[in-house]
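Remarks on the structure that follows.
Here the structure is a predicted model, which is why all the values come from computation and not from measurement.
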Amino acid sequence: MPDYLAVDLGAESGRVLRGALRDDRLTVTEVHRFVNRPVALPEGLHWDALALFADLSEGIAAAVAGGGEPVAGIGIDAWGNDFGLLDRAGHLIGNPFHYRDRRTVASTAVVAARVGAAALYRATGTPPLPINTASQLVAMEGSAQLDIAERLAMLPDLFGYWLTGELATEQTIASTSQLLDVTTRTWAGGVIDRLGIPRRLFAGGVVPAGTRVGPLLGHPQVPLWTVAGHDTAAAVAAVPATGPGFGYISSGTWSLVGLELAAPVLTDEARLAGFSNEAGVDGTTRFLRNGTGLWLLQRCRAAWADTSYADLVAAAAAVPGFRSLVDPDDPAFVAPPDMPAQLAAACRAAGEPVPVGRAALVRCVLDSLACKHRWTLERAEALAGRRADVVHVVGGGAANPLLCQLTADLTGRPVLAGPVEATAVGNLLVQARADGRLGTLEDLRAVVARSLPPRRFEPAGGAVIDDAYARFLARLDAGDRI
């Protein structure tokens with residue numbers, strides 16, 4: 001019985017994991033974990049693509065040469081929006097830019113003006129955002145890099161190209177670009193032309209998850225499969241749901257809150273509320289809003305450096321809740337040099353009590369995230385005309401019991417937490433299905449439920465919760481970004 005390898009790349013770290021499917025149960029073992037360190041250069045913030053490739057290659061080599069069952073495939077998932085440009089010879093033209101680089105702030109308005117915000121949303125299902133591939137390419141207009149570029153490679157596809165010599169653009173990762181037609185799931189040629197982006201960059205088209213790309217260079221017996229290349233799509237595929245009536249929160253650096261639908265929601269109301277319609281596995285639509293997530297906590301921990309997430313969360317659970325609330329999506333939190341100081345400043349500016357000490361700051365972050373989870377889920381339900389009876393939290397946030405309990409309390413629904421490594425689990429199971437070992441998307445989710453049963457959090461509710469959310473909601477409704 002063969003095993004599969006998942007390369008899962010996140011904004012903080014990357015990992016290579018081995019998955020074994022036996023008796024309809026999946027076991028996952030971490031093979032290699034490495035840090036993802038962005039690089040700030042005079043011209044902007046970049047990802048260190050070469051270091052990432054070296055690290056993931058080291059993990060793959062260790063897994064393939066490590067003995068045990070043969071490896072029947074490799075799949076790569078990563079965050080959305082970012083990309084590399086290749087020249088005519090297939091060489092990378094410069095390190096890819098980071099989505100938090102500030103060069104796209106002005107280009108987002110240019111994207112909306114050239115196509116029309118409403119027309120762009122109807123075509124791609126995505127509202128204009130600075131992080132989108134479309135905004136990034138428009139910001140590069142007139143650059144030498146764009147002039148000589150022949151192909152665009154989304155990041156998981158770039159690393160797959162380096163592993164196999166074959167470039168294939170997978171559908172779910174392409175859907176984060178704001179350049180994919182939301183209905184046909186092919187490149188939106190009319191949008192690309194109106195934005196002035198060279199069409200040659202998209203000559204290869206897109207392929208669905210589960211497509212065989214080619215053999216691994218040096219290991220002809222090991223194929224690379226396209227999986228759900230967007231990490232959120234992989235995570236949603238691994239939601240251990242037993243029916244369609246669920247909401248999900250893919251909780252990591254970002255909080256992606258939404259519903260899985262059979263068709264996109266392309267109304268002006270959805271656009272103005274900031275919801276995207278991204279491609280999911282098997283033709284599903286991930287109707288979601290991309291909000292700031294545990295980035296706030298990650299940057300606090302980076303500033304403190306001498307403590308663990310578990311210790312910070314435990315300390316936060318011991319202090320009073322809902323004393324200080326901020327909007328996690330406040331632009332001031334995008335890339336501040338000192339996140340604890342920025343959180344304190346945001347509270348002070350809004351007339352909120354300024355958190356004193358690490359525990360109070362962490363509690364402020366988690367309370368605020370739970371409030372925004374409710375706000376986003378209820379907007380998604382109203383826009384899609386469907387209620388979620390249960391909320392699945394997957395990703396790193398599923399290991400945060402305080403955040404999960406707060407989310408249950410605020411949303412008033414049970415929260416099922418896990419798997420933590422949902423992106424890797426979805427990656428592995430899509431490979432197993434492509435290899436003929438699983439059937440439907442429901443089959444994948446049944447394997448997850450058997451193998452990695454989620455932890456259940458029941459909502460507590462009460463006047464304290466209601467009052468806190470009313471305070472949070474009143475500020476947002478008043479247009480105050482806190």
Side-chain angles (χ1 to χ4, degrees), residues 9-14 34-56 78-87 90-114 126-159 161-162 173-174 176-179 192 195-198 201-202 230-231 252-254 290 292-293 295-296 298-299 302-303 329-339 341-342:
L9 302 176
E12 267 199 312
S13 65
F34 47 93
V35 175
N36 183 1
R37 292 189 179 92
V39 179
L41 296 176
E43 73 272 15
L45 187 62
H46 296 264
W47 298 107
D48 192 345
L50 301 183
L52 289 172
F53 184 69
D55 282 324
L56 71 86
W79 62 92
N81 307 294
D82 291 335
F83 57 91
L85 294 175
L86 305 176
D87 67 13
H91 299 152
L92 181 66
I93 309 169
N95 253 348
F97 275 99
H98 191 297
Y99 58 76
R100 291 191 189 275
D101 184 74
R102 301 294 294 172
R103 78 197 189 287
T104 61
V105 172
S107 63
T108 305
V110 176
V111 168
R114 288 182 180 176
T126 307
L129 296 169
I131 63 175
N132 290 343
T133 309
S135 295
Q136 297 195 46
L137 286 169
V138 167
M140 297 178 73
E141 203 167 58
S143 69
Q145 285 192 17
L146 198 57
D147 287 345
I148 64 175
E150 286 292 321
R151 288 289 300 276
L152 178 144
M154 305 299 285
L155 286 189
D157 305 322
L158 173 66
F159 295 127
Y161 170 61
W162 284 343
I173 195 72
T176 69
S177 67
Q178 203 180 29
L179 298 169
I192 291 167
L195 291 177
I197 299 169
L201 301 181
F202 311 95
H230 186 208
D231 52 10
T253 300
W254 298 92
N290 191 358
T292 301
W295 164 255
L296 303 177
Q298 291 165 2
R299 298 318 300 161
D329 293 323
D330 187 328
F333 299 139
V334 170
D338 185 336
M339 185 64 80
Q342 189 62 59

Practice item. Kindly say whether P128 contributes a backbone atom to a donor-acceptor pair with the side chain of T108 at under 3.5 angstrom? Key: no
Exercise for review: Would you sort out whether T253 and E12 count as a side-chain hydrogen bond (donor to acceptor under 3.5 Å, both in side chains), showing the intermediate values?
Suggested key: CA-CA 8 Å; T253 300; E12 267 199 312; 5.5 Å; no
Exercise for review: Working to the nearest 0.5 Å, report the span between CG of L92 and CD of Q145.
Suggested key: 8.5 Å
Revision key, fill the gap. Closest non-hydrogen contact found for G80 with H230 is N-CD2, 3.5 Å
Review point. Do Q136 and D101 have side-chain N/O donor and acceptor atoms under 3.5 Å apart?
Key: no
Study note, to complete from the structure: When every non-hydrogen atom of M154 is compared with those of T133, the smallest separation belongs to CE-OG1, 3.7 Å
Point to revise | Distance (rounded to the nearest 0.5 Å) between L129 CG and N81 CG | key: 8.0 Å
Point to revise | Flag side-chain contact, heavy atom, 4.5 Å: M140 against L85 | key: yes
Review point. Parallel, tilted or perpendicular: which describes the rings of F53 and F159, with under 30° parallel and over 60° perpendicular?
Key: parallel
Check your understanding: Does any N or O in the side chain of D329 come within less than 3.5 Å of the main-chain N or O of T292, such that one atom is a donor and the other an acceptor?
Key -> yes
Check your understanding: Given the rule in the side chain to side chain contact (heavy atoms under 4.5 Å, CB included) test, do L9 and D231 qualify, once you have shown the distances and angles that lead to the verdict?
Key -> CA-CA 8 Å; L9 302 176; D231 52 10; over 6 Å; no
Review point. To the nearest 0.5 Å, how far apart are CG in N95 and NE2 in H46?
Key: 7.0 Å
Check your understanding: Where is the tightest heavy-atom contact between P96 and F83, given as atom of each residue plus distance?
Key -> CB-O, 3.1 Å
Practice item. Determine yes or no for a side-chain-to-main-chain donor-acceptor pair under 3.5 angstrom, with N36 supplying the side chain and G10 the backbone. Key: yes
Review point. How long is the gap from CD1 on I93 to OG on S143, to the nearest 0.5 Å?
Key: 9.0 Å
Review point. Given D87 and E150, is the side chain to side chain contact (heavy atoms under 4.5 Å, CB included) satisfied, shown in steps?
Key: CA-CA 5 Å; D87 67 13; E150 286 292 321; 5.6 Å; no
Check your understanding: If we only count heavy atoms from C-beta on, is the L155 to W79 side-chain gap below 4.5 Å?
Key -> yes
Exercise for review: Rounded to the nearest 0.5 Å, what's the gap from OH on Y99 to OG1 on T176? Could you check?
Suggested key: 11.5 Å
Study note, to complete from the structure: When every non-hydrogen atom of L45 is compared with those of P38, the smallest separation belongs to CD1-CB, 4.1 Å
Check your understanding: Between R100 (side chain) and V334 (backbone), is there a donor-acceptor pair under 3.5 Å?
Key -> yes
Point to revise | Considering all heavy atoms, the nearest D147-G142 contact | key: OD2-O, 4.1 Å
Exercise for review: Report the C-alpha separation of L152 and L137 in whole Å, then their side-chain angles, then the decisive distance to 0.1 Å, and conclude whether the side chain to side chain contact (heavy atoms under 4.5 Å, CB included) test is met.
Suggested key: CA-CA 10 Å; L152 178 144; L137 286 169; 3.8 Å; yes
Point to revise | Backbone of S107 reached by a side-chain donor or acceptor of S135 within 3.5 Å | key: no
Review point. What heavy-atom pair brings A174 and S177 nearest, and what distance separates the two atoms?
Key: O-OG, 2.7 Å
Check your understanding: When V110 is tested against each of V138, T104, L195 for side chain to side chain contact (heavy atoms under 4.5 Å, CB included), which residue passes?
Key -> V138
Check your understanding: Just how far is it from atom CH2 of W47 to atom CG of L52, taken to the nearest 0.5 Å?
Key -> 8.0 Å
Exercise for review: Given side chain to side chain contact (heavy atoms under 4.5 Å, CB included), test R299 with F333 step by step and report yes or no.
Suggested key: CA-CA 10 Å; R299 298 318 300 161; F333 299 139; over 6 Å; no
Review point. Got a donor-acceptor contact below 3.5 angstrom from the N132 side chain to the P127 backbone?
Key: yes
